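Have a look at the structure below before the remarks.
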Amino acid sequence: MAPWGYSKENGPATWHKDCPIANTGVRQSPIDLITTGQTCAKYDSNLKPVIVSYPAFSEATFLNNGHSVQFQPSAGNLSELSGGPLTKKYKFEQFHFHWGNNDSEGSEHRVNGKMYPAELHLVHWNSESPNFSSFQEAVGSNDPHALCVLGFFLKVGAENASLKPITDLLSKVKNAGSSVSFPGKFDLKAVLPETLTDYYTYDGSLTTPPLAECVKWIVFKEPIEVSTAQMEAFRAVDDGHGKPITGNYRPPCPLHTRTVAASFK
Ligand SMILES: COc1ccc(CNS(=O)(=O)c2ccc(S(N)(=O)=O)s2)cc1
Ligand SMILES: [Zn+2]
C-alpha cells in the first residue's frame with residue numbers, strides 16, 4: 001500500500017486498510033465541537049488554565065514530511081505542559097500544522113461545523129508515566145492519555161510576527177523529505193494567546209496513521225491570526241508527488257459515547 005496521504009488514492013477514506021481503527025475506533029479524532037444542543041460541550045468549572053513552560057528553543061529541525069511541516073527541537077529540550085485537565089506533567093515533542101487550499105477549509109477540528117483555514121498542533125507526551133519513558137513508547141502504549149495535543153485554530157488577519165520565522169522557512173522545505181536546522185532561537189510561547197483559559201477537551205486519537213487512541217485533546221477557543229501571505233506560504237509546500245500539500249486535514253469522526261468538556265461558559 002502506498003504510504004498514506006490526503007489524495008483520493010491514499011487519503012482518510014483509505015486509511016482503514018492499514019489502520020482498521022480508522023473505522024472501528026470509538027475515540028477517533030478530529031471531531032466537530034458542538035456548542036449547543038444535545039451532544040454539546042459541557043461547561044466544567046473544575047477545568048483550570050493550561051500551563052506551558054516553553055523556554056525559547058535553541059536547536060531544532062524543521063521538516064517537510066510530505067504530509068505536513070513539523071518543528072522538532074533536539075531531545076534535550078525542557079519544554080513542559082501541565083494544568084488544564086491534566087494530572088501529570090507532559091514533555092514537548094514537536095509541533096506541526098494542518099491547512100487547506102483556501103480560507104474556508106483546513107482545520108481538523110470544527111466548531112459547529114465551521115472550519116478554520118488552518119490548525120496548529122503542539123504534541124506532548126506524559127513524562128511521568130511508569131509505563132513508558134520515550135515519545136515513541138508513549139505512542140505505542142495503550143495509555144489513553146499517553147499524549148496531549150494542544151490545538152490552536154489559525155484565522156486570516158494581521159501578520160503574525162511570532163510565527164514569521166516559521167512561515168519564512170516554508171520555502172526552504174518546499175520539497176517533501178527536505179529539512180533544515182532551525183536558524184537561531186524560536187519562542188513558541190510568543191505564538192500562543194496570552195491566556196490559555198478557554199478550551200474544549202476530550203479523549204481522542206492521533207489524526208493521522210497510526211490513529212492511536214492515546215491523546216488527551218485540548219483545543220483552544222481563541223484563534224491565532226496569520227496573514228494571507230503566511231497562509232499562502234503553507235499552500236506552496238509540496239507533497240512529494242509534484243503537487244502542493246493542500247488539505248492535509250482528516251474529516252470529523254463520530255463522537256460515540258464521548259463527552260466534550262469546555263472550560264468556559
Ligand atoms: C512509533 O513511533 C511513532 C509513531 C507515530 C508517529 C506519528 N507522529 S506523531 O505521533 O507525532 C503524530 C501524529 C499525528 C498527530 S496529530 N495530528 O494528531 O497531532 S501527532 C511518530 C512516532
Ligand atoms: Zn496534527
Side-chain angles (χ1 to χ4, degrees), residues 4-15 22 28-37 39-41 64-70 95-122 149-164 166-168 170-171 173-174 176 191-193 198-200 202 204-208 211 217-255 260 262 264:
W4 62 273
Y6 293 91
S7 75
K8 194 134 187 52
E9 298 71 31
N10 65 8
T14 72
W15 292 353
Q28 290 289 290
S29 294
I31 60 173
D32 187 353
L33 298 160
I34 309 293
T35 65
T36 57
T39 65
C40 76
N64 169 355
N65 54 29
H67 39 83
S68 183
V69 289
Q70 178 174 302
F95 71 74
H96 63 271
F97 299 84
H98 302 265
W99 63 90
N101 55 0
N102 60 68
D103 291 352
S104 60
E105 60 177 56
S107 65
E108 297 215 288
H109 290 91
R110 305 183 189 194
V111 181
N112 298 323
K114 170 194 165 71
M115 266 192 272
Y116 286 84
E119 189 169 329
L120 163 62
H121 287 160
L122 310 185
V149 182
L150 305 186
F152 293 89
F153 295 118
L154 267 57
K155 74 172 189 183
V156 173
E159 178 180 82
N160 189 314
S162 306
L163 261 181
K164 198 165 176 339
I166 296 292
T167 49
D168 283 353
L170 290 167
S171 62
V173 290
K174 178 178 176 46
V191 172
L192 310 184
D198 292 1
Y199 56 83
Y200 304 95
Y202 75 98
S205 73
L206 301 178
T207 65
T208 68
L211 300 172
W217 273 98
I218 301 176
V219 180
F220 290 87
K221 182 183 73 170
E222 187 186 334
I224 293 172
E225 273 192 35
V226 292
S227 65
T228 297
Q230 287 178 299
M231 273 313 308
E232 288 303 329
F234 282 104
R235 297 171 184 145
V237 172
D238 284 354
D239 67 358
H241 304 284
K243 291 193 300 154
I245 298 176
T246 58
N248 56 348
Y249 58 92
R250 187 189 191 190
C253 305
L255 194 59
V260 178
F264 62 96

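Basis for what follows: all heavy atoms, side chains included, without hydrogens, waters or symmetry-related copies. The structure displayed is predicted, hence computed values, not measured ones.
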Shortest non-hydrogen contact from V111 toward Y200: CG1-OH, 4.0 Å

L206 CG to Q28 CD distance, which is reported to the nearest 0.5 Å: 9.0 Å

Any side-chain heavy-atom pair of Y199 and L150 under 4.5 Å: no

Rounded distance [0.5 Å steps], CD in E159 versus CD in Q230: 5.0 Å

From OG1 (T35) to CZ (F264), nearest 0.5 Å: 8.0 Å

Heavy-atom closest contact (N101 atom, E105 atom, distance): OD1-OE2, 3.1 Å

Main-chain N/O of N10 paired with S7 side-chain donor or acceptor, under 3.5 Å: yes

Closest non-hydrogen atom pair, I31 against C253: CG2-O, 3.7 Å

Validation row: W99, P117 side chains within 4.5 angstrom (heavy atoms): no

Any side-chain heavy-atom pair of T167 and V226 under 4.5 Å: no

Passing candidate, side-chain hydrogen bond (donor to acceptor under 3.5 Å, both in side chains) with H98, options E108, R250, E119, H109: E108

Pairs touching residues 230-245 that satisfy salt bridge (charged side-chain N to carboxylate O under 4.0 Å, His left out), sequence neighbours left out: D103-R235, K174-D238, E232-R235

Considering all heavy atoms, the nearest A118-S107 contact: O-CB, 3.9 Å

Side chains of I34 and N112 in contact at under 4.5 Å (non-hydrogen atoms): yes

Pairwise side-chain contact, F95 with V191, heavy-atom cut-off 4.5 Å (strictly under): no

Option from I166, V173, N248 for which side-chain contact (heavy atoms from CB on, under 4.5 Å) with V69 holds: V173

Check: V149 and T207 side chains under 4.5 Å, non-hydrogen atoms: no

Interatomic distance, E222 atom CD to F152 atom CZ [nearest 0.5 angstrom]: 9.0 Å

Residue pair M115 / Y249: nearest heavy atoms and the distance that separates them: SD-CE1, 3.8 Å

Donor-acceptor under 3.5 Å (W217 side chain, S205 main chain): yes

Contacts of type side chain to side chain contact (heavy atoms under 4.5 Å, CB included), residue A176, not counting sequence neighbours: N64

Test log, rule side-chain contact (heavy atoms from CB on, under 4.5 Å), inputs Y6 and T246: CA-CA 8 Å; Y6 293 91; T246 58; over 6 Å; no

Where F97 and S68 come nearest, the two heavy atoms and their spacing: O-OG, 2.6 Å

Main-chain N/O of G5 paired with W15 side-chain donor or acceptor, under 3.5 Å: yes

